Each structure stands twice: as C-alpha cells, then as structure tokens.
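Letters A, B, ... are given to chains in the order of the sequence lines, protein chains preceding strands, and every chain is numbered from 1. Hydrogens, waters and symmetry mates are skipped; everything else that's a heavy atom, side chains included, is used. On a predicted model such as this, the values are computed, not experimentally measured, just so you know.
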Amino acid sequence: MGLEFVSDFVFRISDLNFQVLMKTTINKLSECVGQEAELSGWVYHSRHSGKVAFIVLRDGTGLCQCVIEKGKVADDVFEQLIRLGQESSLVIAGVVRAEPRSPGGYELAVTAAQIICPTQDYPITPKEHGTEFLMKNRHLHLRSQRPWCIGRIRHTVIDAIRRFFNDNGFTLVDTPIFTAAAGEGEQTLFEVDYFGKPMFLSQTGQLYLECAAMSFGKVYCFGPTFRAEKSKTRRHLTEFWMVEPEVAYIDLAGLLELAENFVSGIVRRVLKDNRAELEALGADIATLEKIAPPFYRLTYTEAAQILTSERTVKFMAGQLETFKMQKTAIEKQIGDIEAAEKAGGLKQWQKDKNTKLLIDLRAELAELEIKIENNPRHAQLAAEFKWGKDLGGSDETIISLMHDKPVFVTHYPRAAKAFYMKTDRGNRKVVENFDLLASQGFGEIIGGSVREDDYQSLLDRIGEEGYKPEDYAWYLDLRKYGSVPHGGFGLGVERTVAWITGERHIRQCIAFPRMMDNVCI
RNA sequence: UCCCCGAUAGCUCAAUUGGUAGAGCGGGCGGCUGUUAACCGCCAGGUCGUAGGUUCGAGCCCUACUCGGGGAGCCA
C-alpha cells in the first residue's frame, strides 16, 4: 500500500518542526527524557476517553504508551489517531517522560504524528486465540508479545553460541546440506532429486566436521537439520537448528566440561540480556540462576539402576499423588466458579474473568489427566527397564525431574548407539558417549561422544552394522592418516530455547515451524 | 502406524432430555479528562466442517470423509 492510499490521513511532519526532533527507538527512550523524540512503529492497542487518548506503540524494540491530549494536538489529528485500528503503522513524536504506568517505564506526550497505513480488522485481537488460528496467521502472530519475547531470547541464544565458540578458538566450518546416503538411518532422511540421482537433506554435519577438526583442531558448524521421523510430539520438528562442535585431542571428561560451560554460558547470557522477556514469559528464573558447572554426571548403568530402584517407584507414586491432588484442587475451583455463576448477581467483568479462568483451568485439568494416565505406564516402563535398551523419552523425563540442574548420562550400551562412537577402554560393552538432559523434565538437549579413532575398530563396527566400508572410505582415511582422539556433540537450538523460556511446545521456538503434519505458512 | 478429543458469528466459547442458535471480545455509532485486555449504551454479524442417514423435528443421535489438537510408539 503506497502513500497515495492514505493521503487523506497524512499531515506534514515538516509543518511541525520535526527537524529538531530526535529519531529514536523505544528501548533508548531513557536517554531522551525531557526531550522531544520521534518513534516509528505500529499500534499495539489503544483506548480513549473524552479528551485523552492512549496509543500503546510497538516498534520492534519494546512497547511505549503515547498520550494524546485534545488541545495539545490539532483536533483533526486527535480524531484520526483515536480511530486507528490495531497494527496501524505511524510515525509519532512527543516529549519523553518517565511514567510507571507505561509498559516500558517511559511515555510520549504526543505533539505530532504521521499515519503511514491505517488498519482495520486486524485478525489477532488482545483476547484468546487457538493454536490453529495462530499458526495459520503466523505471519502476523510474530508481532505479538509472546513470539516476540521468544524470538529475542532465541536471538540471544544463537549469538551466545557463536560467541562462545568464536571466543574459545573454534573455527566455523559450514558443512553441506545435500548429502549422499551413507547407510545410517536412511528412513529418517528427506530424499531429494539431485539431477536425477537421489540425495538427502543433512541430519548432521558431524562426519564432515571430523575431517575439518583434523585441519583446524577445534571446529563447529551451525545450520538447519532435517529429520523425516514420523514423530508428532511437542519436542519434534522436521526442520530444526543444530550447532555441533568437534574437537581434536579431547576425551570424554573434556567434552563434558566443554558442554557444561557452553550451556551455562548460554543461560547466563539470556539472564543478562533478556530478563524482561523471561519475566514476561513466566520462565522459572530462580532455577535458571542455579545453572552453573558442574552438572550432575550419571553413567547409563547408574541411570538404569535408578529407574529400576525403589526410589523411582516412590518418586512416580509421589508424582501421581501430587497430580491427583492438583486435579482435585482444580476441580473444586471449577466447581466454585460454576456455582458462583449459577448463583447470579455477577458483574459482566467478573463473568469475563471467570470465563478466561475456566478456559485456563480446564486446559490445566486436561494436562493433568494426561499425566495421570501416562504415569503408571511410565512407571512400569522404568521398572521393567533392561540394561541394553536406549533410554526412552519417559525415562529421560523421570531422571531429569529428579534433578534441579542438567544431568549428563554417559556410557550407553554399544549396541544401542551409532557405529562411530568410541568403545570404552575399560568396558567393551559401552561407548564413550553422553546425553545432556535439561532440568525439569525438558529432556535431551545435547547428544555427543568421543569418536572411534582406531582404524580396525571402526572398520569392525561398520561391518557389524552391515554397512559397506567403501561408502565410508574417506571417513576411514581419517583413522589412517594422523588419527587422534577426538569428539564432539550437537545441541538443538529450539529445544534449548523451549527449556530456557519454559515454553511447553517447540513449535513456538522457531519463527516458521515445520512439523510432521503442519507447516504453518 | 495406533488411540483419544474437537470443528457453532472475524476470534474464544455456551446451548438442559432431540423442540425457534447465545455471550464476551473484535467491528460500527454515541458517551466519558490518566487509561492499562478500561468502562457504559445502541447497532450489524450464522447454510452449526463436508456428504449421507434416523426422526414429525437434528448443532445435539448414526455412518463416512476432511481439517485441527493431544497422547503412544519411534527418534535428537
């Protein structure tokens, strides 16, 4: 829409001494108190009562209340401004002053404004919306506060990741996204037609990174990852972002140390740069503040012992008891509200509040019912856990719920893990690998290992898996020419953001999510 | 791949046992000098997901389909 469309609404900024104004952004208003400043943004919401109107402006850096008083601006300006719908775009100028009642702590006493694009009927209102509606309107939903807060935190997480590796002597190596099929896990790869030949979208850069580590010593790659698994859960995307460091001359203890410093550093940066966003999202800041090395370290065997122990039986029973008590409490709350509604005599605003409350309570109740339903199955799965199986999602959840900081689980059975992981020197049945389970039941955010650096052992493992050695010729070469102990890990960005923000669904942690059954826009 | 739930106004949801489809928000108009998801009054807004069936009568019951949500499994 060009300016022609809105020409009726435009009044010239140049007529109003705009040349003396400072162009600024909402996050810098504290530097402009007492001065006239100009902001460019969108109407987040607005109200007016008689001779005073309030526009809460959104400019991408924050929210600011703009006060328009009749008499202090021209009457026709006032009339035009109070008619602006949500998400109308405008340039607005006024005197900056501190005001605790404004969202960001500062407000603008408006002296002039230029309407860029007036808007009516913006689909996303300040009220409740369902997931389907918001995902179909994801192009607009990104402007709302919650996606904005999560997007800002995601940005910090990614910046912290890059900074951590760049400051610690790592070289960035971009690994390919088109990859040839190489035995492993083909059913989970997306196939593409590459000039008539099948190629696959990358699900890890690791094998390529190992080559690069032998050149640069410490390397990392950071890019999109594609998994064609038919997993329809809140923890899965088909396209997600993963960062993978790989280090020459490192052992398992070194990797764990690297990983815990890395994750702690990310959390610290978010706490420093995005405290307001964390608060707005209702994240568990107290728990995040405890995230610091050392993390807990368990071997797989110890984890298996915990899962089959009396402790887990009691823990699961305790959880079930808690869930049931919470359920009873919520049911009572719902009953009370319904009784009050039936009794009548409520003001409209009280009814509104109750309606909203009931929606929340019923959602919470549904969540609890699922937990109550799943608890016995998960308890049974844990109790029947046999050494040799991979840890299931519910097993990881149980272990992580028992700890207030992230937990490393190391030394998984060799048979349950990938061929390239190094067999443990002391125990031939396990590999030198680790998963990092985020606290509070968020599950795995990192998986990594020391790599098999011995030529013959790697060749044997490739044979055991039924792969063809010729498919791995270049990978085997790394073990022929100056092989060294080395290893690395991969961290899922969206899972990390979900864990830090307390967001229960991973799809909210990427701008345009791709899931098995749904690709938003 | 399997299981459960849902689809009613632009949005979020009601509608008793099968008996004339309702509220809030959003939109429009009017009122209010500091509001914070403001408030008060009025107005407009519907082929109840689609197709069949049962019935005097279906938003409600039955069958199939479509779309969405949640869970299991599998995985990171």
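- Using cut-offs of 30° and 60° for the angle between ring planes, the Y300(A) and W387(A) rings count as perpendicular.
- Taking atom P in both A7(B) and C11(B), the straight-line distance is 14 Å, to the nearest Å.
- Set against C25(B), G28(B), G34(B), the side chain of Q120(A) has G28(B) as its closest nucleotide.
- Rounded to the nearest Å, the gap between the C1' atom of G24(B) and that of A9(B) is 12 Å.
- Atom P of nucleotide G73(B) and atom NE2 of H236(A) are separated by 11 Å, given to the nearest angstrom.
- Only the C1' atoms considered, A15(B) is 8 Å distant from A21(B), to the nearest whole Å.
- The residue among H129(A) and T125(A) whose nearest nucleotide of RNA chain B is located toward the 5' end is H129(A).
- Here C11(B) presents its P atom at 14 Å from CG of L140(A), a figure rounded to the nearest Å.
- For the residue pair Y412(A) and D435(A), a side-chain donor N or O sits within less than 3.5 Å of a side-chain acceptor on the partner.
- The nearest heavy atom of RNA chain B to E69(A) and to F133(A) marks one nucleotide each, and the one closer to the 5' end goes with F133(A).
- Between the side chain of R495(A) and the main chain of I506(A), no donor-acceptor pair closer than 3.5 Å is present.
- As judged by a 4.0 angstrom heavy-atom cut-off over every strand, E244(A) is placed among residues making no nucleic acid contact.
- Side-chain proximity of R101(A) to U33(B), A76(B), G34(B): nearest is G34(B).
- Judged by distance alone, the side chain of D59(A) and the main-chain N or O of I26(A) form a donor-acceptor pair under 3.5 Å.
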- Note on the structure: Under the rule of Watson-Crick or G-U wobble with both distances under 3.5 Å, where | means paired to another strand and [ ] a crossing pair, RNA chain B maps to (((((((..((((.....[..)))).(((((.......))))).....(((((..]....))))))))))))....
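- For the pair L63(A) CG and A37(B) C1', the interatomic distance rounds to 13 Å; values are reported in whole Å.
- When the C1' atom of U33(B) is taken as reference, atom NZ of K72(A) falls 11 Å away, rounded to whole Å.
- Atom OH of Y44(A) and atom P of G26(B) are 14 Å apart (whole Å).
- Here the two rings, on F170(A) and F164(A), have centers that are 6.0 Å apart or farther.
- Rounded to whole Å, the P atom of C74(B) lies 34 Å from the corresponding atom of C62(B).
- Among the nucleotides U12(B), G27(B), A76(B), the one closest to the side chain of F240(A) is A76(B).
- With both ends at atom P, the span from G26(B) to C39(B) equals 7 Å, rounded to whole Å.
- When rounded to the nearest whole Å, the span between CD1 of I82(A) and C1' of G28(B) equals 13 Å.
- Side-chain N/O atoms of Q65(A) and base N/O atoms of U35(B) include a donor-acceptor pair closer than 3.5 Å.
- Taking the ring centroids of Y472(A) and F419(A), they lie under the 6.0 Å cut-off.
- Across all strands, G392(A) comes closer than 4.0 Å to no nucleic acid atom at all (heavy-atom distances).
- Side-chain N/O atoms of Q86(A) and T125(A) include no donor and acceptor closer than 3.5 Å.
- Comparing the P positions of A37(B) and G27(B) gives a spacing of 16 Å, expressed to the nearest Å.
- Checked by atom type, the side-chain pair H236(A)/T233(A) shows a donor-acceptor distance below 3.5 Å.
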- Query: For nucleotides 65-72 of chain B, read 5' to 3', which letter fits each nucleotide if B means a protein heavy atom sits under 4.0 Å from the base, S means only the sugar-phosphate is that close, and - means neither?
  - Reply: --SSSBSS
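- Distance noted for atom C1' between G19(B) and G49(B): 24 Å (whole Å).
- When atom types are taken as modelled, the side chain of S264(A) and the backbone of N261(A) share no donor-acceptor pair closer than 3.5 angstrom.
- When the nucleotides U33(B), U35(B), A76(B) are ranked by their closest atom to the side chain of R47(A), U35(B) comes out on top.
- In this structure, the CZ atom of F78(A) is 12 Å from the C1' atom of U35(B), given to the nearest Å.
- I124(A) has its CD1 atom 20 Å from the P atom of C25(B), to the nearest Å.
- Side chain of W241(A) to backbone of E494(A): no donor-acceptor contact under 3.5 angstrom is found.
- Nucleotides A58(B) and C43(B) have their P atoms positioned 31 Å apart, rounded to a whole Å.
- Panel note: side chain T496(A), backbone G492(A); a donor-acceptor pair is recorded below 3.5 Å.
- H48(A) comes within contact range of at least one nucleobase, with a heavy-atom separation under 4.0 Å.
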